[in-house]
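See structure below.
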Amino acid sequence: MALQTHIRFSLLLLIASLLSAAVSAATTISPGSSLSAANLNTTWSSPSDTFSLGFIPSDPPTSPPSYIAAISYSGGVPVWSAGAGKAVDSGGTLQFLQSGTLRLVNGSGATLWDSNTASLGVSSAEITDSGNLVLRNGTVTVWSSFDNPTDSIVPGQNLTVGKVLRSGLYSFKLVKNGNLTLLWNDSIVYWNQGLNSSVNTNVSSPTLGLQSIGILSITDPKLSTAAIVAYSNDYAEAGDILRFLKLGSDGNLRIYSSTRGSGAITERWAAVTNQCEVFGYCGDMGVCSYNDSNPVCGCMSLNFELVDPKDSRKGCKRKMKTEDCPQNLTMLDLVHTRFLTYPPETETQIFFVGISACRSNCLVNSVCDASTSLSDGTGLCYYKTPGFLSGYHSPAMSSSSYIKVCGPVIPNPSSSMGTGDKKKDWKLRAWIVVVVVIATLFALMALEGGLWWWFCRNSPAFGGLLVDQDVDMDQVKRAIQVTFWCIQEQPSHRPMMGKVLQMLEGITDIETPPGPRAAIEGSAGGTSMNVSTDITTLSATAASAPAPSSFSSVHVSGVSPLTSGRNTEKATASLIQSSSLKKQVSYAPSERTEIIKTSKCF
Ligand SMILES: *[C@@H]1O[C@H](CO)[C@@H](O)[C@H](O)[C@H]1NC(C)=O
Ligand SMILES: *[C@@H]1O[C@H](CO)[C@@H](O)[C@H](O)[C@H]1NC(C)=O
Ligand SMILES: *[C@@H]1O[C@H](CO)[C@@H](O)[C@H](O)[C@H]1NC(C)=O
Ligand SMILES: *[C@@H]1O[C@H](CO)[C@@H](O)[C@H](O)[C@H]1NC(C)=O
Ligand SMILES: *[C@@H]1O[C@H](CO)[C@@H](O)[C@H](O)[C@H]1NC(C)=O
Ligand SMILES: *[C@@H]1O[C@H](CO)[C@@H](O)[C@H](O)[C@H]1NC(C)=O
Ligand SMILES: *[C@@H]1O[C@H](CO)[C@@H](O)[C@H](O)[C@H]1NC(C)=O
Ligand SMILES: *[C@@H]1O[C@H](CO)[C@@H](O)[C@H](O)[C@H]1NC(C)=O
Ligand SMILES: *[C@@H]1O[C@H](CO)[C@@H](O)[C@H](O)[C@H]1NC(C)=O
Ligand SMILES: *[C@@H]1O[C@H](CO)[C@@H](O)[C@H](O)[C@H]1NC(C)=O
């Protein structure tokens, strides 16, 4: 009996496994199959339904509706699309032809994209559970979506040298030396990140990958361990989560995570922290700035208007072209604003000139369209020749920019660009200054009046103090001479308080104090000497400060500048400490008189 049950049970298991094999066999796509944009419910799915290939509505939605053929994660998060997001109408299809090629065709029969695998003997296709669409000749993979990425990378997918992620004009690449770069229009590098500086070897064939736990890293045969590029902020956290890397249409590269089935994504890391530093984010002649938390695009002044009033990211254009007003060209001044300049465009356009020349030289130079004075201590001024201009405005930025416009300048009404409210601000400040000055004058007058009244009330005669017979004229003369000694600019020339008392009492003679010119010369020489002494003291202290030798010797040489920097910091800190210690010392009363006598007057 027991044996029979056992055999029956085994048979059931066998049938079940055969059935499941049949189901998974159904996930293999045979030539001749196709998907239609008219029926969004038919998809090609991976064995466990984690990923599926099918048509989804374009995002943002269009009118009339359009669709893209995409591989989506459970819940509907696209990670790859046929033809890098080429949209079709509702008559569009994705066809897996008998020839073995995969083709995206629109309602009028035009081919928008082809996998170009017609001559490779492809006999089947499949979506794997890691999200890879593979075309196979027998068991050999001849084409895969992992090798032909669009804008995203999922765990298990490798980005090698030569492969590119694209989104609009933006692209992301891994360079042969292991650097990661973000480019605008395949020319301007606005983000370039090298391998961790502790990696002191030249890589041979680097590969970028995202681990499923959320670590973006570069592997290479020359590297013993993977060089980590970034951790997603939810790395290694539990849950049925897909993490993926995506180049957005805003030109930023991010790691997102999505919980299975939710269809929602959460940003976990961004390559460019400040979105306004993404070149061209606000289009040509657009200016990027932040409202409370989001980057917003706008025009520089009312001399400009949006190219597309419905989409501020499309940029701005001059209402009147500069060619049309050769007699009335003027510079629009933009405070706290810079025109982004990234390699390779910088080299020929950098000048070392001051802020006024940066503005006026551009105005008279016919090939200069705009300029930026960095005003950050570098002394640099960038000229921008006619071409794409990408502006960035931030109240925290020191740079000032100038752009040619046809006069007169019409500032933006709201203060977002910083030009509108400047006058009001200035007026308010002037008022405050006037009020404070008048109030101070009144206070002083009241005080003097009070003093005058007090003195007059106390003095029997109304005669002036110097005129009074009781005053010793000699004492007054001595006091004035002592004052001259005490206001010597050179501290070493000033007498000790003890001597001052003796001079006032007439115990010692008072010499004629040195003239002002001699004093100035003396002070200049003295100051420079003081400074140099200070520097030698500081560097001597820095050099003699106990170097953390046991610590730095384990480190590679590349770290040494940092260590010496720390040394200086330590030395400075100890100097500050010792001086503040001195201040805290208290003196006994007998010592105090001695200190007063031996201290300098004033
Ligand atoms: C697609 O599926 C949804 C629910 O999953 C259903 O409401 C809809 O009718 C289906 N459409 C077609 C064309 O089958
Ligand atoms: C199909 O694509 C072709 C070529 O891009 C285009 O001319 C045609 O208008 C498109 N048809 C539809 C219905 O979108
Ligand atoms: C398909 O694979 C077989 C066996 O590996 C090979 O002989 C054949 O040449 C391949 N077909 C093409 C078109 O590459
Ligand atoms: C990605 O790269 C790793 C190591 O570099 C390798 O083991 C793995 O097979 C690669 N994956 C694919 C899909 O090529
Ligand atoms: C992108 O570069 C090409 C030349 O490489 C140029 O013709 C095109 O105008 C550029 N696009 C923009 C928006 O500047
Ligand atoms: C690689 O990136 C670093 C910055 O991390 C940069 O200094 C270096 O110039 C880059 N190398 C190349 C060849 O772009
Ligand atoms: C470089 O890697 C070392 C060790 O792997 C690590 O301690 C250091 O923080 C990394 N530096 C940066 C800038 O990531
Ligand atoms: C890397 O390559 C550069 C130039 O090819 C060479 O100067 C340098 O020594 C190499 N570094 C290492 C660690 O091999
Ligand atoms: C900031 O800009 C975003 C995007 O334009 C907008 O949705 C948001 O309402 C703005 N916030 C404020 C406080 O203006
Ligand atoms: C030229 O510019 C000045 C101020 O910049 C303005 O007052 C004047 O109206 C402009 N003239 C013309 C013809 O636009």
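Just so you know, ligand 1 is whichever comes first in the structure, and atom 1 is the first atom listed for that ligand. As the structure is a computational prediction, the values presented were derived from the model and not from experiment.
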Note to self: Is a donor from one side chain sitting under 3.5 angstrom from an acceptor on the other, for Tyr290 and Asn274?
What the structure shows: yes

Next item on the list: Number the atoms of ligand 9 from 1 as they appear, then name those within less than 4.0 Å of a heavy atom of Val296, with their elements.
Entry: 2 (O), 5 (O)

Notebook entry, point to check: Taking NZ, NE, NH1 and NH2 as the nitrogens, is one of them in Asp49 or Arg260 under 4.0 Å from a carboxylate oxygen of the other?
Noted result: no

Next item on the list: With heavy atoms of Asp292 as the reference, note each atom of ligand 9 found under 4.0 Å away.
Entry: 11 (N), 12 (C), 13 (C)

Checklist line | With Leu133, the side chain to side chain contact (heavy atoms under 4.5 Å, CB included) member among Trp143, Phe146, Phe51 | finding: Trp143

Check: So which residues, sorted by chain and number, lie with a heavy atom under 4.0 Å of ligand 4?
Finding: Gly156, Asn158, Thr219

Checklist line | Any pair counted as disulfide (SG to SG under 2.5 Å), so long as it reaches residues 231-282, sequence neighbours left out | finding: Cys276-Cys288, Cys282-Cys297

Note to self: Asn185 versus ligand 5: do any nitrogen or oxygen atoms come within less than 3.5 Å of each other?
What the structure shows: yes

Check: Any salt bridge between Lys314 and Asp311, counting N to O under 4.0 Å?
Finding: yes

Note to self: Any salt bridge linking Asp333 with Arg359? Criterion: basic side-chain nitrogen under 4.0 Å from a carboxylate oxygen.
What the structure shows: yes

Next item on the list: Could you tell me which atoms of ligand 9, counted from 1 in the order shown, lie closer than 4.0 angstrom to a heavy atom of Asn291?
Entry: 1 (C), 2 (O), 3 (C), 8 (C), 10 (C), 11 (N), 12 (C), 14 (O)

Checklist line | Ser399 versus Arg338, side-chain donor and acceptor atoms under 3.5 Å | finding: yes

Margin query: Tell me whether Lys404 is salt-bridged to Asp369, with the criterion being a basic N under 4.0 Å from an acidic carboxylate O.
Written below: no

